[in-house]
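By convention here, the first residue in the shown sequence is residue 1. All of these numbers come straight from a predicted model, not from anything done at the bench.
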Amino acid sequence: MVCRADGIPRPQIQWLVNGEPISDAPRSPGRQVSGDTLTFRGVVPDSAAVFQCNASNPYGYIMTNAFLAVMDMKPRLLGPRDELFKTTEGNLTLLDCPYFGSPKPVLRWSKGGVGTLEGGRYRTLPNGTLEIRNTKLQDQGAYVCVASNVIGRDEKEVQLEVKEPIKIIRAPHNTVVIRGSLARFDCKIKFDTSLDVTVTWLKDKKFLILGRRMTKDEESLSIADVYRRDEGVYTCRVKSELEEVTTSAKLTVMDRPDPPTDLEISDPSERSVRLTWTPGLSNHSPIKEYLIQYTENLLADYWLLPSGWKNLTSYPGSLNSVILQLTPFVEYTFRVIAVNGIGPSKPSWASEYYQTGGAVPDAIPRNIQGLGYGVFRNNMEISWEPLEYREWNGPKLGYMVWWRRRDSREEWKNYTTYWWCSTIIYDTDTFTPYEIKVQAINFFGYGPESPVVIGYSGEDRPVAAPSELSVSDIESTTLTVHWEPVARADIMGEIKEYKVYYWRESSRLPWHVVTRRIKTKSFKANGPRLSGTLTGLVPFSNYKMYIVVANNRYEGPPSHNIEFQTPEGVPTIPRSFRIMHRHYDTLYLDWEEPAEPNGVLTGYILKYQSLNVSVGIQVENIPPNITYFSLRRLDRYTRYKFSLAAQTEVGVGEAFTEESPHFTTEEYTRDQVDIVTQGWFIGLMCAVALLVLIMLIVFFIKRSRGGKYPVRDNKDFALEPMDENGTFDYRSLERITRVSTIPYSRREEESRQGRSQGAIEHINRRTNSDDSLMEYGEGEEMEFNEDGSFIGEYTGVSKRNMDRSPYHDSSEPTSPVAIYSFA
C-alpha cells in the first residue's frame, strides 16, 4: 500500500491499524513499513484489517483508509455472543446472526443445537437472520447459529424470550355527552407483568395535558364539565419495550344551538309581517323549534310605552321564514331563539324597528257592572276594566257607555268618556235594574259593542226584620236557628245574607264570671223557611240572640231578642297542674279548677303509672273541693306519669298529662340547703359590709376635717398665707402636728416631744382675741362650734398641764389632725 501526500512543509506519513498506531498494534509476520509504503509478505487471514494513512504537517492533517481483506478464511460470526432477544406471542420475530467467510459459508439454525430450523414458520434470510412467524410461547429458548465452509466453522448461541402480548380488555367507545356533564373513556389492559408498560392519552394525535378537569386512573380517562372545545378523537396508547398498542374513540359534545343570525323583515301590512333568519349550528342536537320574541313600543296618545321582551309564538325547527300576526299601531322589534333537546340558544341580535298601521279597537271592555254609588240610593255607577295599551289599535281611546231601564221601551242613552273607566247615572229609582253595554272607540272608529249586562241602582236600608226567631236541637255547644225571611220588597236591594248576633249573658253557675262579647254568624238565604246551625257555644250558659237581614250595603233593623240555655257539657282541662317534691319519698300534686267547668263539677279523676316499674295504671277519684294529692314513691329514683281530668254528670273532660321530673335525694338535699351557706348570699353580705365600712370612713373624715377661723398669730414661724379676710387654713397645722400622731415608742416620743416643745409654746402665745377664747378652755379640753354647725375640734392645753405632761396620751383626743390621720 502506497500513501503519497504533498504539502509545505512536506508532510509526515503515519500508518495506523484498526485506528491505532501501527507501532502499538500486535506485530504481524511479513508486514513491513517503509516511509509511505506498507508491504505484506506471506499474508494470512489474521492479516485482514483496516489500515489508515495520516499525512500531517504543522498546519494540519489528512487521513485515508484502506481495507485489507484475505479472501480465503474460515467463517466468522459477527456481533455479540449470547445475545438475548425478546418478543411477544403472535409477533414476527427476527434473530440476527451476521457472518463472514471465504468462500461464503453455509449458515443453518437449530434450537438447542438439535436439528435444523427451516420451513413452516421458520425461514433463514440471506443475511443470516432467522425469521419466526406467529411466534408462540413454546418458541422460547436457546437458538444456535452455525456458519461453515471448507476452511472451518463458527457458531454462536442466542436466547429468545416470548412474552404475552398487550391486550386491551375494555376499549373506549364513541361518546356523546351534554355540555357541562362528565365524559369517560375506558382503557383496561392486560399485559405481561415482567414488562414495564406505560399508558398515554392523546387528543387528535397530540399528547393530552391532564389537569383539574381531565384526570386518568389505571383503567379510564375522565373529563369533567365538558366544553365544546373538548370534542375530538381520544387515543389510548399502551407502550412497552416490545410493542405499542393504540385504540381510539370520538367524543361528541351536544350543546344548546348557536343563535340565529341575519334577521330580515319583509312583506309589511297592518297586522302582519314576514320575518326571515339564518339558522345557527345545532351542535349535534337537532333544532326542534324557533321561539319568536318581541318588544313593543305602544303608541299611546302623547307618549311611548316600551315593554320588555315577550314571547310571541313558536315555529317548527325546519322553518326559517314565517309570517307574524301583530297588533295595529305598535312599534315592534323581534329576536329569535333556537331550541333543541338540550335547551334554548342565546337570543339573536334584535331586528330593526317595524311599526304597524292603526285600526279600530278589536277588544271589548271587560267586567262591566252597574252598582249603587256612595251613600245615595238614587244613582248607579257603571264601571269596567280598561283596555290594555296594546288593545288600543290607535290614539285617542275612549269608551261609549249605553244604558236604559230594563223591561221598558225607553231609548238607549249614551255617554262618551276618554279618561275614566266609570260613569255615574243620577236620578234613578232605588234598586232598579238597568240594561248596560260599553264599546271602545279611537281615532279610527268604533269598536264592537259589549254584550248587555244588568246593573242595579243604589240600595237602601232594609225596612223589616226577620220574624219568628227560635232555636231547636240545643246541645252543649251547638243548636239550630230558625227564622222567617223578610219580603223582597222590604230588603231595598239585593239580599246578601242573614246575620245572627248572639252573646253569652251569664253562666248557670252563680259564682262563675263570664265576658259578654257579641259574636256573629252569617247564613245564606236558601228557601221559604230559613235555618242554620250555630256552633262554638259554651255549655251550661245563658245566651241571648237576635237576627238581621243585610243587602250589599246595609243591615236591617234587629229582630226581637230571644234567650236560651245550653245544657251541661264536659269541663275543660284543669289549670296550673304542678308536681312538687318536698320530702325524700313523697310527691305532691296541686292544680286549679278548669277555666270553664261547663257544668257542676262532680270530682277529678287522677291516673298515674310508674315509668320505672311495670305496674298497672292507678286511678284516684278526688272530690271536687280537693285540688291536691300526695303520693308516696317506691324509691327515690321512681318516676311517674300523671293524667288529671275534671268531670261533670255529662262526662270526663280533657286530661292534663305530665311526667314527674328526675327528683333524687341529692337534688332534694341541695334544694333544702340553708340560704346562709349559699355563695351568692355570702357575696352579697360581704358587699353590704364593705359598703357600710366605706360609709363610716367617709363619715369620720367629713366629721374630723376642720374649717377656717378668723385667728391671728404673732409667731416666730411661718404659717400658710392668709387670705384678705385675715383667715388661714387650719390644715396647715396638720403638717406641723401630724408627726405626733404616728405610733412611736415612749423614748422616741419623748425625744420628739422635746424638739417640738418650742413650737408648741409659740402656738400657745395667743393674741388678745385668742386669750378671750381660751378663757372658756380652763378644763382639759373644749369644743368650739360656730353657727350651730360643726367646724372643728380645738383642744386647749394650759402651760401647767403641758409642763405636767411630758407627752400626750395617745388615747386622748388631742387634735382634729389625730382623728383625720386615724381615718
Please check if the side chain of [X] supplies one atom and the backbone of [Y] the other of a donor-acceptor pair under 3.5 Å.
{"X": "Thr428", "Y": "Tyr426", "result": "no"}
{"X": "Lys437", "Y": "Ile368", "result": "no"}
{"X": "Ser450", "Y": "Val438", "result": "yes"}
{"X": "Asn414", "Y": "Trp402", "result": "no"}
{"X": "Arg575", "Y": "Glu593", "result": "yes"}
{"X": "Glu381", "Y": "Ile424", "result": "no"}
{"X": "Thr648", "Y": "Val650", "result": "yes"}
{"X": "Asn551", "Y": "Asp460", "result": "yes"}
{"X": "Asn542", "Y": "Glu505", "result": "no"}

(message) The test is side chain to side chain contact (heavy atoms under 4.5 Å, CB included); show your working for Tyr502 and Leu537 and say whether it passes.
(response) CA-CA 10 Å; Tyr502 64 98; Leu537 302 177; 3.8 Å; yes
When rounded to the nearest 0.5 angstrom, what is the spacing between [atom1] in [X] and [atom2] in [Y]?
{"X": "Asp473", "Y": "Leu534", "atom1": "CG", "atom2": "CG", "result": "12.5 Å"}
{"X": "Leu644", "Y": "Leu589", "atom1": "CG", "atom2": "CG", "result": "8.0 Å"}
{"X": "Leu530", "Y": "Lys524", "atom1": "CG", "atom2": "NZ", "result": "12.5 Å"}
{"X": "Glu385", "Y": "Gln369", "atom1": "CD", "atom2": "CD", "result": "9.0 Å"}
{"X": "Met545", "Y": "Trp503", "atom1": "CE", "atom2": "CH2", "result": "9.5 Å"}
{"X": "Lys499", "Y": "Tyr546", "atom1": "NZ", "atom2": "OH", "result": "9.5 Å"}

Within a strict 4.5 Å, meaning less than it, do heavy atoms of the [X] and [Y] side chains meet?
{"X": "Pro344", "Y": "Arg256", "answer": "yes"}
{"X": "His512", "Y": "Phe540", "answer": "no"}
{"X": "Val600", "Y": "Leu509", "answer": "yes"}
{"X": "Met400", "Y": "Thr416", "answer": "yes"}
{"X": "Ile474", "Y": "Pro567", "answer": "yes"}
{"X": "Ile441", "Y": "Tyr418", "answer": "yes"}
{"X": "Ser476", "Y": "Thr566", "answer": "no"}
{"X": "Phe642", "Y": "Leu587", "answer": "yes"}

(request) Please determine which of Lys641, Glu659, Glu620 meets the side chain to side chain contact (heavy atoms under 4.5 Å, CB included) test together with Tyr608. (result) Glu620
Got a sec: does the [atom1] of [X] have more than 12 other heavy atoms crowding it under 6.0 Å?
{"X": "Tyr588", "atom1": "OH", "value": "yes"}
{"X": "Arg366", "atom1": "CZ", "value": "yes"}
{"X": "Ile617", "atom1": "CD1", "value": "no"}

(message) Holding to side-chain contact (heavy atoms from CB on, under 4.5 Å), I want the full list of residues that pass it with Thr627, two or more places apart in sequence or in another chain.
(response) Trp591, Tyr604
(message) Taking side-chain contact (heavy atoms from CB on, under 4.5 Å) as the definition, give me every residue that meets it alongside Ile626, ordered by chain and number, with sequence neighbours left out.
(response) Ile622, Pro623, Tyr628
(message) Quick one, Val619 with Leu606, criterion side chain to side chain contact (heavy atoms under 4.5 Å, CB included). Give me CA distance, side-chain angles, the key distance, then yes/no.
(response) CA-CA 6 Å; Val619 180; Leu606 177 65; over 6 Å; no
(message) Quick test of your reading of the model: are Arg404 and Glu411 salt-bridged, counting only N-O distances below 4.0 Å?
(response) no
(message) For Arg508, is there an ion pair with Glu568 - N to carboxylate O distance below 4.0 angstrom?
(response) no
(request) Could you give me the CA-CA distance, side-chain angles and deciding distance for Ile454 and Glu435, then say whether side chain to side chain contact (heavy atoms under 4.5 Å, CB included) is met? (result) CA-CA 5 Å; Ile454 304 300; Glu435 295 178 345; 3.8 Å; yes
Minimum heavy-atom distance between [X] and [Y], given as atom pair plus value:
{"X": "Ala363", "Y": "Leu387", "result": "CB-CD2, 3.7 Å"}
{"X": "Trp384", "Y": "Pro365", "result": "CD1-CB, 3.9 Å"}
{"X": "Tyr456", "Y": "Pro433", "result": "CE2-CB, 3.7 Å"}
{"X": "Pro466", "Y": "Val549", "result": "CD-N, 3.9 Å"}
{"X": "Thr432", "Y": "Ser457", "result": "N-OG, 2.8 Å"}
{"X": "Pro594", "Y": "Ala646", "result": "CG-CB, 3.7 Å"}

(request) Under the side-chain hydrogen bond (donor to acceptor under 3.5 Å, both in side chains) rule, what do Tyr640 and Gln618 come out as? Steps first, then yes or no, please. (result) CA-CA 11 Å; Tyr640 291 88; Gln618 305 294 320; over 6 Å; no
(request) Any chance you could lay out the side-chain hydrogen bond (donor to acceptor under 3.5 Å, both in side chains) test for Asn393 and Asp362, step after step, and finish with the verdict? (result) CA-CA 8 Å; Asn393 292 354; Asp362 299 324; 3.1 Å; yes
(request) For side chain to side chain contact (heavy atoms under 4.5 Å, CB included), just list the numbers for Glu459 and Glu494, CA-CA rounded to whole Å, side-chain angles, deciding distance to a tenth of an Å, and then say yes or no. (result) CA-CA 8 Å; Glu459 297 179 343; Glu494 181 184 8; 3.6 Å; yes
(request) Kindly indicate, with the supporting measurements, whether the criterion ring pair (Phe, Tyr, Trp, His ring centres under 6.0 Å) is fulfilled by Phe523 and Tyr498. (result) CA-CA 5 Å; Phe523 299 97; Tyr498 288 94; 9.0 Å; no
